[in-house]
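Written below as structure tokens is the structure these notes are about.
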Amino acid sequence: MNVKNLTLFSGLLGFVVVALGAWTRLADAGLGCPDWPGCYGFATIPVNPEDIEIANSRYPDTPYEVAKAIPEVVHRYFAATLGLFIIGIFLAVRKNPECPKSMNLLALFLVFWVCLQGTFGYLTVSLKLWPQVVTTHLMSGFLTTVIVWLLYFKMKDIENPSRTPWNFSLNTKRLINLSLIFVTIQIFLGAWTSTNYASISCADLPLCRGQLLPPADFSAGFNFFQNIGPNYLGGLLSDEARVAIHLIHRLGSIIVTLVLSSLIFVLYKQRLLRVAVGLAGALALQISLGISNVVFSLPLLVAVGHNLGGLLLITYLCALRFRD
């Protein structure tokens with residue numbers, strides 16, 4: 001498989017892995033296997049009654065639940081497969097004389113990063129869902145996927161040198177940079193909202209609990225050094241702290257919408273219609289999914305789609321900024 005096809009497949013697989021990670025987290029299955037990399041000491045999951053009895057004897061404080069073990073194991077195997085493909089990308093890039101030094105360095109960094117991502121996966125389980133670790137794990141997964149797609153686009157451009165560059169103006173590049181910063185912050189806020197179980201702390205729109213600013217503890221909600229406790233499954237923050245996190249995430253969505261709308265308008269004025277429409281579509285989809293999460297009380301498929309929408313937006317912006 002050549003570099004372009006390998007990165008294309010890995011990029012799509014990256015979206016699948018992020019979706020499976022979101023499914024695992026949102027289904028409260030982050031501790032579906034209390035050990036790592038195995039599951040209750042097994043390579044897959046215990047199935048027969050004898051193995052289940054062994055599993056429960058090994059971890060008496062974490063009774064085996066097949067409905068939670070399945071998403072955890074599936075996510076781990078898909079993530080490991082992506083890691084193997086990323087190693088393959090690195091080897092393929094090194095062997096391809098058309099790949100410039102920048103691509104070789106990016107592929108090397110990607111191998112290092114996916115190893116670091118595996119470490120965060122281990123820490124997620126061993127530290128029992130510390131929100132700081134889980135949030136970092138999610139953000140790292142996004143970055144992994146984005147880098148794979150950047151390698152794909154770079155290889156695609158090498159194979160198609162006749163492509164007309166966008167030639168963004170300096171001001172447009174600055175606006176894209178600003179958009180990247182705000183979208184990255186918003187993705188962090190979304191991850192922090194999810195890992196602290198604050199996604200449905202406000203179940204109405206546009207107000208929160210019928211108020212513009214309900215009782216909220218912002219210092220506790222964003223105290224990244226709080227005393228977490230032995231197990232964070234279900235969250236340990238107060239209700240007011242979760243409301244604060246949710247409100248800030250909502251505020252961030254408004255700011256991101258305004259910034260991206262400005263970028264879409266600028267791209268449209270520069271007659272980059274396809275680029276503007278693509279970004280507008282990704283933004284509209286993400287807004288719709290975010291609203292649906294609140295209105296329908298966080299349905300699993302919609303919540304997973306919201307994660308993928310954030311990944312799509314950041315990937316799109318990175319392609320605009322670093323491809324040209």
Side-chain angles (χ1 to χ4, degrees), residues 10 13-88 110-145 191-199 224-237 300 303-304 307:
S10 299
L13 183 58
F15 271 81
V16 173
V17 171
V18 168
L20 290 172
W23 172 39
T24 302
R25 186 175 66 258
L26 293 162
D28 290 333
L31 294 178
C33 300
D35 51 340
W36 191 96
C39 186
Y40 288 88
F42 295 88
T44 55
I45 61 172
V47 176
N48 58 60
E50 293 80 8
D51 289 343
I52 293 174
E53 185 177 349
I54 293 172
N56 286 326
S57 66
R58 287 172 175 169
Y59 296 91
D61 295 332
T62 312
Y64 175 72
E65 296 181 58
V66 65
K68 293 186 176 182
I70 288 175
E72 176 71 353
V73 169
V74 170
H75 173 58
R76 289 183 186 183
Y77 273 96
F78 271 83
T81 301
L82 177 60
L84 293 175
F85 272 97
I86 284 173
I87 294 173
L110 186 59
V111 172
F112 161 77
W113 193 256
V114 81
C115 292
L116 187 63
Q117 177 71 340
T119 303
F120 283 127
Y122 160 72
L123 292 174
T124 294
V125 175
S126 62
L127 296 179
K128 299 187 184 301
L129 305 181
W130 279 21
Q132 295 93 327
V133 174
V134 178
T135 298
T136 304
H137 187 44
L138 186 149
M139 298 286 289
S140 300
F142 274 42
L143 181 58
T144 299
T145 305
W192 192 245
T193 301
S194 177
T195 57
N196 283 283
Y197 302 89
S199 299
F224 302 119
F225 304 99
Q226 77 267 42
N227 186 12
I228 295 172
N231 190 322
Y232 205 76
L233 185 63
L236 298 177
L237 293 182
L300 182 59
V304 170
N307 278 259

To the nearest 0.5 Å, what is the distance between CD1 (Ile87) and CG (Leu110)?
10.0 Å
Stepwise side chain to side chain contact (heavy atoms under 4.5 Å, CB included) test for Leu143 and Ser140:
CA-CA 5 Å; Leu143 181 58; Ser140 300; 5.6 Å; no
Residue pair Trp192 / Gln132, side-chain heavy-atom distance below 4.5 Å:
yes
Quick check: do Leu123 and Trp130 have side-chain heavy atoms less than 4.5 Å from each other?
no
Does atom CZ of Phe78 have more than 12 heavy-atom neighbours, drawn from other residues, nucleotides or ligands, at distances under 6.0 Å?
no
Table please: side-chain donor-acceptor pairs of residues 60-72 below 3.5 Å, with sequence neighbours left out.
residue: Tyr64; atom: OH; partner: Pro46; partner atom: O; Å: 2.7
residue: Glu72; atom: OE2; partner: Arg76; partner atom: NE; Å: 3.1
residue: Glu72; atom: OE2; partner: Arg76; partner atom: NH2; Å: 3.0

Please report the shortest heavy-atom distance between Asp51 and Asn48, naming the atom on each side.
N-OD1, 2.8 Å
CD1/Ile52 to CD1/Ile45 distance, rounded to the nearest 0.5 angstrom?
8.5 Å
Can you name the closest pair of heavy atoms from Asp35 and Gly41 and give their distance?
OD2-N, 2.7 Å
To the nearest 0.5 Å, how far apart are CG in Leu13 and CG in Leu20?
9.0 Å
Going through the checks in order, is the side chain to side chain contact (heavy atoms under 4.5 Å, CB included) test met by Val125 and Cys33?
CA-CA 8 Å; Val125 175; Cys33 300; over 6 Å; no
Counting only heavy atoms from other residues, nucleotides and ligands, does the tally under 6.0 Å from CH2 of Trp36 exceed 12?
yes
Check the pair Val114 / Leu82 against side chain to side chain contact (heavy atoms under 4.5 Å, CB included), numbers first and verdict last.
CA-CA 9 Å; Val114 81; Leu82 177 60; 5.5 Å; no
Once you measure the plane-to-plane angle for Phe120 and His137, does it fall in the parallel (<30°), tilted (30-60°) or perpendicular (>60°) bin?
tilted
How long is the gap from CG on Asn196 to CG on Leu237, to the nearest 0.5 Å?
4.5 Å
Which is it for Tyr197 and Leu236 under the side chain to side chain contact (heavy atoms under 4.5 Å, CB included) test, yes or no, and what are the steps along the way?
CA-CA 9 Å; Tyr197 302 89; Leu236 298 177; over 6 Å; no
For Ser194 and Leu26 the tightest heavy-atom approach is OG-CD2, 4.1 Å
Thr195 and Arg25, any side-chain heavy atoms less than 4.5 Å apart
yes
Shortest non-hydrogen contact from Leu31 toward Thr124:
CD2-O, 4.5 Å
I need the Met139 CE to Thr144 OG1 distance, nearest 0.5 Å.
11.5 Å
Which value, rounded to the nearest 0.5 Å, describes the distance between Thr135 atom OG1 and Phe224 atom CZ?
8.5 Å
